[in-house]
Amino acid sequence: MDWGNVTAEDLIEALREVDWSSPPRPLSEFFSRFTFPRSYAKWNSRLKCNLYYYRTNYFILIVFILGLGFLRRPLAIVAAALTALSIAFLNDSFAGTFSEKVTRTVRQFSPHLAAKMRPPLTPVIRGRPSAKRAIYICGRPRWVFVLVFSAASFIIWFASSALLTVLWAFTIALLATVIHASFRTPNLKARLNTFREEFRAVWRNYSEL
């Protein structure tokens with residue numbers, strides 16, 4: 001895959017739809033080899049490749065650095081958790097898994113209520129869905145959960161007065177991520193894993209037709 005031809009919008013879309021349940025890469029691989037990019041094109045391609053391949057490691061790194069910033073503001077942890085959930089709901093895989101687990105838990109106590117939490121059926125015309133499949137969480141459109149969790153997190157952020165501290169921690173975390181992704185040399189394993197995930201995505205789209 002030529003990461004130089006991948007736009008920022010394509011990368012964001014790929015990160016939104018990719019499965020985030022995969023474990024992080026080993027630390028021996030994460031801190032294996034660093035080199036200075038020879039050109040802007042090489043740096044641009046390397047940055048996108050590493051952001052996609054080490055996405056779980058970067059997520060853990062950002063959460064760890066933010067956690068250090070939260071030590072002085074415990075109430076901000078709740079606000080950060082709600083913010084993280086509202087962002088995570090934008091990922092199709094996380095939204096589907098979250099809805100399935102909540103529905104399965106509710107079914108143990110109230111099967112009738114769990115039946116109401118099922119997503120509506122997508123109409124099919126000539127063997128194909130009539131439109132792009134909408135994402136539902138517990139029977140409600142995804143944007144409802146994103147809006148509610150975002151509003152709740154904003155209120156708690158305002159009440160805790162910890163926004164500036166968290167912004168500094170988040171800036172440091174993003175800077176560390178960009179520096180690592182810029183100087184970590186993409187290895188053959190990263191490229192092979194990218195091709196494998198591309199094949200799975202194409203095969204999944206083909207099977208839905």
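Heavy atoms only: backbone and side chains are in, while hydrogens, waters and symmetry mates are out.
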Minimal heavy-atom distance between I137 and R142, with the atoms involved, is CD1-CG, 4.1 Å
Can the positive tip of R140 be found less than 6.0 Å from the middle of the six-membered ring of F145, inside 45° of the ring normal?
no
Answer with yes or no whether the hydrophobic clustering places F94 together with I87; edges join I, L, V, M, F, W, Y residues whose side-chain heavy atoms lie under 4.5 Å apart.
no
Taking every heavy atom of Y54 against every heavy atom of R25, the minimum-distance pair comes out as CD2-CG, 3.4 Å
When you group the ILVMFWY residues by side-chain heavy-atom contacts below 4.5 Å and let the links chain together, are F158 and V148 in the same group?
no
Below 4.5 Å, heavy atoms only, C-beta onward: do F30 and P24 meet side chain to side chain?
no
Can you check whether Y53 reaches E29 side chain to side chain, under 4.5 Å on heavy atoms?
yes
So if you build clusters from Ile, Leu, Val, Met, Phe, Trp, Tyr with side-chain heavy-atom gaps below 4.5 Å, do W143 and V102 land together?
no
Check: F154 ring centre within less than 6.0 Å of W157 ring centre:
no
Can a donor-acceptor pair be found, under 3.5 Å and without considering hydrogens, that links the side chain of S153 to the backbone of F149?
yes
Is the side chain of S110 donor-acceptor paired with the backbone N or O of V106 at a distance under 3.5 Å, no angle test?
no
Would you give the length of the straight line joining atom OG1 of T177 to atom CG of L47, rounded to the nearest 0.5 angstrom?
10.0 Å
Given 3.5 Å as the limit, does a donor-acceptor pair link the side chain of S99 with the main chain of G96, or not?
no
How many angstroms lie between atom CZ of F98 and atom SG of C138, to the nearest 0.5 angstrom?
6.0 Å
Tell me if a side-chain donor or acceptor on S86 pairs with a main-chain N or O of T83 at a distance below 3.5 Å.
yes
Distance, nearest 0.5 Å, that separates OH of Y40 from OG of S45:
11.5 Å
Distance, nearest 0.5 Å, that separates CG of N44 from SG of C49
11.5 Å
Return the CG to OG distance between L27 and S32, rounded to the nearest 0.5 Å.
11.5 Å
Any donor-acceptor pair under 3.5 Å linking the side-chain atoms of R46 with those of T35?
yes
Are any of the side-chain heavy atoms of F34 and I179 separated by less than 4.5 Å?
no
If you round to the nearest 0.5 Å, how far is CD1 of I155 from OG of S150?
11.0 Å
Taking distance alone, no hydrogens or angles, what donor-acceptor pairs closer than 3.5 Å link side-chain atoms of residues 58-68 to residues at least two apart or in another chain?
from, atom 1, to, atom 2, distance (Å)
Y58, OH, H180, ND1, 2.7
Y58, OH, A181, N, 3.4

Any heavy-atom pair between the side chains of P141 and V144 that's under 4.5 Å?
yes
Would you say N50's side chain and R184's backbone share a donor-acceptor pair under 3.5 angstrom?
yes
